[in-house]
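In what follows, a single structure is set out as structure tokens and then discussed.
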Amino acid sequence: MRRQRLAAAAFAAAALVASPLAAPAASAPPAPLAPAPADGGEGGSKGLQVPVKEGVLPNGLKVLVVERHEAPVVSCVVKFRVGGVDEKVGQTGIAHILEHMLFKGTDVWGTTDYAAEKPLLDRTERLYHEILAAREALPLEIRRHTEVLDDIVRVSHALALAEAAPPERRDAAAAAALAEEAKPLLALDPSVQRVFDLEREFCRVQEEADRFVVDDEDWQILERNGAWGLNASTGADSTQYFYSLPANRLELWALVESGRMRHPVFRQFYKERDVIMEERRMRVDNNPNGVMWEQLNAAAYTAHPYGSPVIGWASDIARVSRSQVEAFFRKHYAPNRAVACVVGDVKFEAVMDLMRRYFGDIPRQPDPEPVVTREPPQLGERRITAKVQNLRVPQVALMFHRPALGHPDMFALDILSGVLSSGNTGRLDKSLWEKRIGRIFAGNQDTLYPGTFVFVGTPLPGKTLEDVEKEIGEQIARLRSEPVTDAEFAKVRNQNAASLVRGMQSGMDLAQTLTTYEILHGWDFINTYMERSAKVTKEDVMRVAAKYLHDDNRTVIHLLPAPAADAPEGNGK
């Protein structure tokens, strides 16, 4: 079988004990960080320089390599230029779904017989679209009563899953209870029966396809060959797959990641979609912090897609089809939409040869249009209150619009953030201990498009959210009206420089930082940050505080514990 032959090739690649990708032990290691010459200007040297070597394949895949020969290991990241910001209304959450699906294997691994599995996967997809059509064909009086329609969707799917489950997983009592719940729904109209029948056939075929699945086969292969830290994540601006492994197993990484990019198979799609729905309930619906950030972003952004949650709105997740996700993959997950970074005991030329052999024939795709919708200027304060279960201490958050990474004002905002929240000596922490009001944090996250500067606070016993919000306002007013002290300015610069250097010591941290900067602004940002930050003046800090941290530019949320009687129906179940 084809899968067996290529799986054997994977293990053969992993068995290269003396791989040419691993540098000889006797080679003289280049310094991982080289000090740049002084520029002679105010602020001193340009800081440390990361010795990155860059290559680009003809299909557009950018490759970044940092040679570090201290230990025979490599840290690898493949980062795609796609995230929640690239999704359309009604299709939110697709980038996050793809994060899950790209671990489901390919036509080579993740299956015992892809030739037999594929027709069943295709049949499953056809049945799903028939189910959607059958729901649309229900009488208008049923469809416009969304609670009734939701019950039909939920019960028909849950009953079909229960009936199709193999004997070892079958719950007869649950199936019987669902059958009783279905009776009044089936009595509404004869067309409801077709929805139930299609769901039953859909789940039966889905179970038949699952007989060929080998769960997590790529993870198993990698871990048996020494890989660690295997993970992936999805953000608003990028999606990344990353892990570390012995340097002489780098060819295995190239095999697995090129397969993920070349021909992923979205097997078990609808079951995984159900898993993601549960993840959303856990991380957002039943998590106070999840509720706060989702509500705050939705209020702060009226037009830009940053206002939609990366995990997706529940109604979008529940309806999205495998074919929609496949189309999104073909558009955004091409080599010209990716950057690969290898940090560790390798030679640049050998890495590029490996990348050409494994990734070079993957076709590029047309570059998608960037997001053209701009968030309009905010014309006044927006204020919301959210009441949630499982919240012990109320919270307040203030969100202010500010520019994207690379804008000159971002360097001053970074200094401002450090003045406020730089450990126990930051102004907000001093406020906590001196005034005993509450715990407050200020942050400035890097983004591809204009983003936000945020304050989050929780009051101490006896204090209120209004007390915390008043303290934040006083700290902002102070920043706008008087320069920061020399000691604060020097401390924050030193802390920022130390943080940047600490982030370079771990191979994985460095690979993540380089690929993130490449997606957002260009990887060389890491080599220019300290120089540009050193040019920020105290007047710049005052100016950006006045420009961005004013009342008309802010969105405020008060997160309060909900009384038990106010709990949304089904919350916490």
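Atoms considered below: every heavy atom in the structure, side chains included; atoms not considered: hydrogens, waters and symmetry mates.
- Salt bridge annotation for D509-R502: absent, with no cationic side-chain nitrogen under 4.0 angstrom from a carboxylate oxygen.
- Between the side chains of Q240 and S233, at least one donor N or O sits under 3.5 Å from an acceptor N or O.
- Contact of the M101 side chain with the P264 side chain is not registered, since no non-hydrogen atoms from C-beta on lie closer than 4.5 Å.
- Across P403 and L413, no two heavy atoms sit closer than the pair CD-CD1, 4.3 Å.
- There is no side-chain donor-acceptor pair under 3.5 Å between N496 and S499.
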Check step by step if ring pair (Phe, Tyr, Trp, His ring centres under 6.0 Å) holds for Y243 and Y241.
-> CA-CA 7 Å; Y243 44 93; Y241 298 82; 9.3 Å; no
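- Under 4.0 Å is where a charged nitrogen must lie from a carboxylate oxygen, and between E471 and K435 at least one such pair does.
- Here the side chain of R382 pairs a donor or acceptor atom with the backbone of A300 at under 3.5 angstrom.
- L398 is listed as a side-chain neighbour of V396, based on a closest heavy-atom distance under 4.5 Å.
- Relative ring orientation between H521 and F525 is described as perpendicular, the plane-to-plane angle rising above 60° on a 0-90° scale split at 30° and 60°.
- What you find for H157 and F202 is that their closest heavy atoms are CE1-CE2, 4.2 Å.
- Interatomic distance, CZ of R283 versus CD1 of I276, reported as 10.5 Å (0.5 Å rounding).
- Annotation: the span from R154 atom CZ to L185 atom CG amounts to 8.0 Å, rounded to 0.5 Å.
- The residue from Y333, F242, F329 that alone fulfils the ring pair (Phe, Tyr, Trp, His ring centres under 6.0 Å) condition with F80 is Y333.
- Contact check for F455 versus I476: side-chain heavy atoms found under the 4.5 Å cut-off.
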Verify salt bridge (charged side-chain N to carboxylate O under 4.0 Å, His left out) between K470 and D467, making sure each step is shown before the conclusion.
-> CA-CA 5 Å; K470 180 181 177 183; D467 293 329; over 6 Å; no
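- L98 and F266 make their closest contact through CD2-CZ, 3.4 Å (heavy atoms, listed as atom of the first residue, atom of the second, distance).
- Side-chain contact check for S431 versus E474: every heavy-atom pair is 4.5 Å or farther apart.
- What you find for P394 and L560 is that their closest heavy atoms are CB-CD2, 4.1 Å.
- With R280 contributing its side chain and I311 its backbone, the two residues share no donor-acceptor pair below 3.5 Å.
- Looking at E272 and R322, no side-chain N of the basic residue comes within less than 4.0 Å of a carboxylate O on the acidic one, giving no salt bridge.
- Between the CG atom in L514 and the CD1 atom in I526 there is a gap of 5.0 Å [rounded to 0.5 Å].
- The shortest distance between side-chain heavy atoms of V155 and F196 falls below 4.5 Å.
- Distance check, rounded to the nearest 0.5 Å: CE of M410 to CG of L416 gives 11.5 Å.
- Of all the heavy atoms in A299 and T302, the pair that sits closest is O-CG2, 4.4 Å.
- No option in V77, L64, T516 other than L64 meets the side-chain contact (heavy atoms from CB on, under 4.5 Å) test with V339.
- Side chains of S417 and D414: a donor-acceptor N/O pair is absent below 3.5 angstrom, by distance only.
- V468 has its side chain within reach of I437: a pair of non-hydrogen atoms, C-beta onward, lies under 4.5 Å apart.
- For the atom pair CD of E199 and CG of L159, the computed distance is 9.5 Å after rounding to the nearest 0.5 Å.
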Test salt bridge (charged side-chain N to carboxylate O under 4.0 Å, His left out) applied to E518 and K62, step by step = CA-CA 9 Å; E518 175 61 28; K62 179 167 283 192; 3.1 Å; yes
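- Looking at R383 and E469, a side-chain N of the basic residue comes within less than 4.0 Å of a carboxylate O on the acidic one, giving a salt bridge.
- For A546 against R480, the heavy-atom pair with the smallest separation is CA-NE, 3.5 Å.
- For the side-chain contact (heavy atoms from CB on, under 4.5 Å) test with T234, the passing option among I97, T239, V82, I94 is T239; the others fail.
- Under a 3.5 Å cut-off, the side chain of S421 and the backbone N or O of G418 do not form any donor-acceptor pair.
- A donor and an acceptor atom, one from each side chain of H401 and E375, are nowhere located under 3.5 Å apart.
- A donor-acceptor pair is defined here as one N or O able to donate and one able to accept, closer than 3.5 Å; such a pair exists between the side chain of D237 and the backbone of L448.
- For the residue pair Q206 and Y128, no side-chain donor N or O sits within less than 3.5 Å of a side-chain acceptor on the partner.
- Proximity of a side-chain donor or acceptor of N287 to a complementary backbone N or O of G290 within less than 3.5 Å is detected.
- Panel note: side chain R135, backbone V195; no donor-acceptor pair is recorded below 3.5 Å.
- Ion pairing between a basic and an acidic side chain is recognised when a charged N comes within 4.0 Å of a carboxylate O; E482 and R478 show such pairing.
- A salt bridge links R439 and D429; the closest N-O separation between the charged side-chain nitrogens and carboxylate oxygens is under 4.0 Å.
- Proximity of a side-chain donor or acceptor of R273 to a complementary backbone N or O of A318 within less than 3.5 Å is detected.
- A donor-acceptor pair under 3.5 Å links the side-chain atoms of D86 to the main chain of G83, judged by distance alone.
- When atom types are taken as modelled, the side chain of N553 and the backbone of F400 share no donor-acceptor pair closer than 3.5 angstrom.
- Counting heavy atoms of neighbouring residues, nucleotides and ligands inside a 6.0 Å radius, atom NZ of K271 exceeds 12 of them.
- With respect to E488 and K491, no salt bridge is recorded, no charged nitrogen being found less than 4.0 Å from a carboxylate O.
- Here the side chains of I440 and Q475 are not in contact, with every heavy-atom distance at 4.5 Å or above.
- For D540 (side chain) and T537 (main-chain N/O), a donor-acceptor pair under 3.5 Å exists by modelled atom type.
- Taking the ring centre of F103 as origin, the terminal cationic atom of R260 falls inside the region bounded by 6.0 Å and 45° from the ring axis.
- In this structure, CG on L500 lies 8.0 Å from OG1 on T513, to the nearest 0.5 angstrom.
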